[in-house]
Structure formats: C-alpha cells, structure tokens
Amino acid sequence: MAPQATQEERTEASRRRIIEAALKVLAEEGYRNMTVARIQEVAGLSRGLVGYHFGSKQGLLEALIDSIRQDYADEVVKELDAGDPAGLDAILEMIDSYLTRLGGRPNRNTVLLVLMVESISELPELRTAVQSLNAVLRRRFGGWLTRGVEDGTVRPDVDPAVEAGLLQGLIRGITLQWLVDPDGFDLVAARRGALAMVRRSLAP
C-alpha cells in the first residue's frame with residue numbers, strides 16, 4: 001500500500017495543478033479569457049483555491065512567471081552546469097539547448113511572451129516580475145561573456161552587459177517568429193544560423 005501524501009505534498013500538488021491550468025488557459029485561450037473561474041474549471045479543483053494558494057490573480061501570474069524561470073533553471077542551467085562549459089562554448093550550448101527545446105514546450109514560451117507584452121500595457125503590476133526573469137538570463141549570459149574574455153574565447157572588446165541583452169533579444173526574437181508562424185518559419189535553420197552568427201560575432 002502506497003504511503004499517503006502529506007499535507008505539504010497535497011498543497012504543492014494543488015498549487016502545481018493551478019499553475020499548469022493557468023499556463024494552458026493563457027497559452028491557448030489568451031489573457032482576456034484567463035479568469036479565476038476558468039482556471040479552476042481546467043484544474044478541476046474547488047472554488048476558492050486560487051485565492052487560498054496565491055492571494056489574487058496577480059499572485060498567480062507572478063507564481064507562473066517564477067515557475068517558468070524555475071523550469072528553465074532545472075532543465076537548461078543544471079544541464080549546462082553539469083558539463084561546466086565556459087566562455088563562448090557555454091553561450092553556444094545555451095542557445096542551442098534553448099532553441100532545441102522550444103518545439104517541445106511551446107506553451108511556456110507563448111505564456112512568457114504574452115506576459116511580457118501585457119506587462120507594458122494592461123498588467124504593469126507584473127513588470128517587476130518580468131524584469132527579474134529577464135535579468136536572470138542576462139546575468140547568465142554576462143557571466144559567460146566575462147569568462148570568455150578572460151579565457152580568450154570571446155574577443156576582448158566585447159561589453160558583456162550590452163552583448164548579453166543582444167543575445168537575449170536573439171533567442172526571444174527567434175522564439176516569437178516560430179510561435180507566430182511554426183509552419184512558415186524554419187526553426188532548425190534559424191538555430192543553426194544563430195549559432196554560426198554568434199560564433200562569428202564573439203570569437204576573437
């Protein structure tokens with residue numbers, strides 16, 4: 001007989017179901033249809049649990065952003081850290097991994113881009129959470145760029161802060177084009193082209 005789940009485990013499972021339901025509704029039905037009632041319906045949970053776990057719809061959206069950030073850390077960053085790449089190699093592996101995984105997790109990337117846009121229009125209260133998420137990726141790129149300058153794999157005149165923003169813009173732009181037109185935009189070719197372009201741009 002399997003051991004019964006603890007209260008903490010049941011609470012975490014309930015939170016996860018709500019976050020996954022919010023992600024599904026936001027990605028497939030859009031922000032305007034993302035009501036608390038609709039989220040609870042998709043999650044198959046009792047009324048009131050969104051408020052109980054997250055306090056408000058804004059609290060849920062902030063938790064959703066944090067969940068996307070954590071998934072990225074668990075899937076991409078841990079894999080990179082395990083191989084301990086540095087400098088230009090780490091940057092290329094990051095871009096390759098990010099764009100390779102894109103096809104398998106389109107909902108998360110759709111939601112991320114939707115929330116970015118909404119944070120500068122209808123949801124300015126989410127801007128801080130979105131800024132924090134973007135800053136994490138820029139810091140990671142910036143650290144690799146700095147190490148690359150030190151170990152000679154990145155040209156010495158690179159400004160890590162500026163280049164980190166450009167690299168983030170590159171993968172976000174490719175992601176957006178593919179999500180808008182998955183049949184007309186060749187993601188595989190774009191990934192290969194991005195890697196070649198970054199290598200040419202950064203290598204000494």
Side-chain angles (χ1 to χ4, degrees), residues 12 15-16 18-20 22-23 26-27 31 54-55 57-121 123-151 153-154 158-179 187 190-191 194-195 197-198 201-202:
E12 182 56 33
R15 282 176 55 87
R16 173 53 61 178
I18 292 170
I19 288 173
E20 290 297 326
L23 189 148
L26 190 54
Y31 174 72
F54 303 100
K57 186 176 177 180
Q58 179 183 340
L60 172 58
L61 289 172
E62 290 175 351
L64 179 54
I65 292 171
D66 188 63
S67 174
I68 293 172
R69 179 198 60 76
Q70 190 58 52
D71 286 345
Y72 154 77
D74 289 344
E75 294 180 4
V76 179
V77 174
K78 284 184 180 178
E79 181 180 295
L80 287 172
D81 288 347
D84 195 30
L88 183 57
D89 285 341
I91 294 167
L92 295 173
E93 285 189 35
M94 166 60 195
I95 294 171
D96 188 39
S97 179
Y98 188 101
L99 296 178
T100 297
R101 293 170 187 270
L102 178 57
R105 304 291 290 276
N107 275 5
R108 274 173 166 66
N109 288 282
T110 299
V111 165
L112 180 57
L113 291 170
V114 167
L115 292 177
M116 284 183 182
V117 172
E118 294 293 348
S119 75
I120 58 176
S121 56
L123 294 170
E125 63 272 20
L126 287 183
R127 195 171 301 173
T128 298
V130 171
Q131 288 171 343
S132 177
L133 179 68
N134 284 332
V136 168
L137 182 54
R138 287 198 303 273
R139 282 197 300 270
R140 177 69 60 160
F141 274 134
W144 287 327
L145 287 160
T146 298
R147 288 186 64 184
V149 171
E150 292 169 353
D151 66 23
T153 59
V154 172
V158 162
D159 182 328
V162 172
E163 198 68 36
L166 295 175
L167 291 171
Q168 181 170 256
L170 173 66
I171 61 175
R172 295 277 196 250
I174 290 173
T175 298
L176 179 59
Q177 290 186 77
W178 181 76
L179 289 172
L187 180 59
R191 177 173 55 84
L195 293 170
M197 183 176 69
V198 170
S201 172
L202 295 180

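Quick caveat, the model's predicted, so the values are computed rather than measured.
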Checklist entry - Got a sec, which residues hit salt bridge (Lys or Arg N to Asp or Glu O under 4.0 Å) with Asp96, two or more places apart in sequence or on another chain? => result Arg191
Item to check | Under the side chain to side chain contact (heavy atoms under 4.5 Å, CB included) test, residues paired with Ile174 that sit two or more places apart | outcome: Leu99, Leu170, Phe185, Leu187, Ala190, Ala194
Next on the checklist: Please report the interatomic distance CD1(Ile19) to CD1(Ile65), rounded to the nearest 0.5 Å.
Outcome noted: 11.5 Å
Item to check | Contacts of Leu166 that satisfy side chain to side chain contact (heavy atoms under 4.5 Å, CB included) - sequence neighbours left out | outcome: Val162, Glu163
Item to check | Taking every non-hydrogen atom, the tightest pair across Gly142 and Pro160 | outcome: O-CB, 3.9 Å
Checklist entry - Within the side chain of Ser132, is there an N or O that forms a donor-acceptor pair under 3.5 Å with the backbone of Thr128? => result no
Checklist outcome for this item: Shortest non-hydrogen pair, Val158 vs Val154, comes out as CG2-CG1, 3.9 Å
Checklist outcome for this item: side chain to side chain contact (heavy atoms under 4.5 Å, CB included) filter on Arg127, not counting sequence neighbours, yields Ser119, Ile120, Pro124, Gln131
Item to check | CG-CD1 distance between Leu195 and Ile95, expressed to the nearest 0.5 angstrom | outcome: 6.0 Å
Item to check | Closest approach of Phe141 to Gln168 (non-hydrogen atoms, all atoms of both residues) | outcome: CE1-N, 4.0 Å
Next on the checklist: Return the CG to CH2 distance between Leu102 and Trp178, rounded to the nearest 0.5 Å.
Outcome noted: 5.0 Å
Checklist entry - With Glu20, which residues qualify under salt bridge (Lys or Arg N to Asp or Glu O under 4.0 Å), at least two apart? => result Arg16, Arg108
Checklist outcome for this item: With sequence neighbours left out, the residues meeting side chain to side chain contact (heavy atoms under 4.5 Å, CB included) with Glu125 are Gln58, Leu123
Checklist outcome for this item: With sequence neighbours left out, the residues meeting side chain to side chain donor-acceptor pair (under 3.5 Å) with Arg172 are Tyr98, Asn134
Next on the checklist: Run the salt bridge (Lys or Arg N to Asp or Glu O under 4.0 Å) test against Asp159 and tell me which residues pass, sequence neighbours left out.
Outcome noted: none
Next on the checklist: Trp144 vs Thr153, test: side-chain contact (heavy atoms from CB on, under 4.5 Å). Steps then yes/no.
Outcome noted: CA-CA 10 Å; Trp144 287 327; Thr153 59; over 6 Å; no
Next on the checklist: Evaluate Leu112 against Thr175 for side-chain contact (heavy atoms from CB on, under 4.5 Å), listing each step before the verdict.
Outcome noted: CA-CA 10 Å; Leu112 180 57; Thr175 298; over 6 Å; no
Next on the checklist: So does Ala63 get a backbone contact from the side chain of Ser67, meaning a donor-acceptor N/O pair under 3.5 Å?
Outcome noted: no
Checklist entry - How far does CG of Leu115 sit from CD of Glu62, to the nearest 0.5 angstrom? => result 10.5 Å
Checklist entry - Can you list the residues that meet the side chain to side chain donor-acceptor pair (under 3.5 Å) rule with Thr110, with sequence neighbours excluded? => result none
Checklist entry - Measuring from Leu88:CG to Glu93:CD, what's the distance to the nearest 0.5 Å? => result 10.0 Å
Next on the checklist: So, taking the atom named CG in Leu167 and the one named CG in Leu145, what distance separates them when rounded to the nearest 0.5 Å?
Outcome noted: 6.0 Å
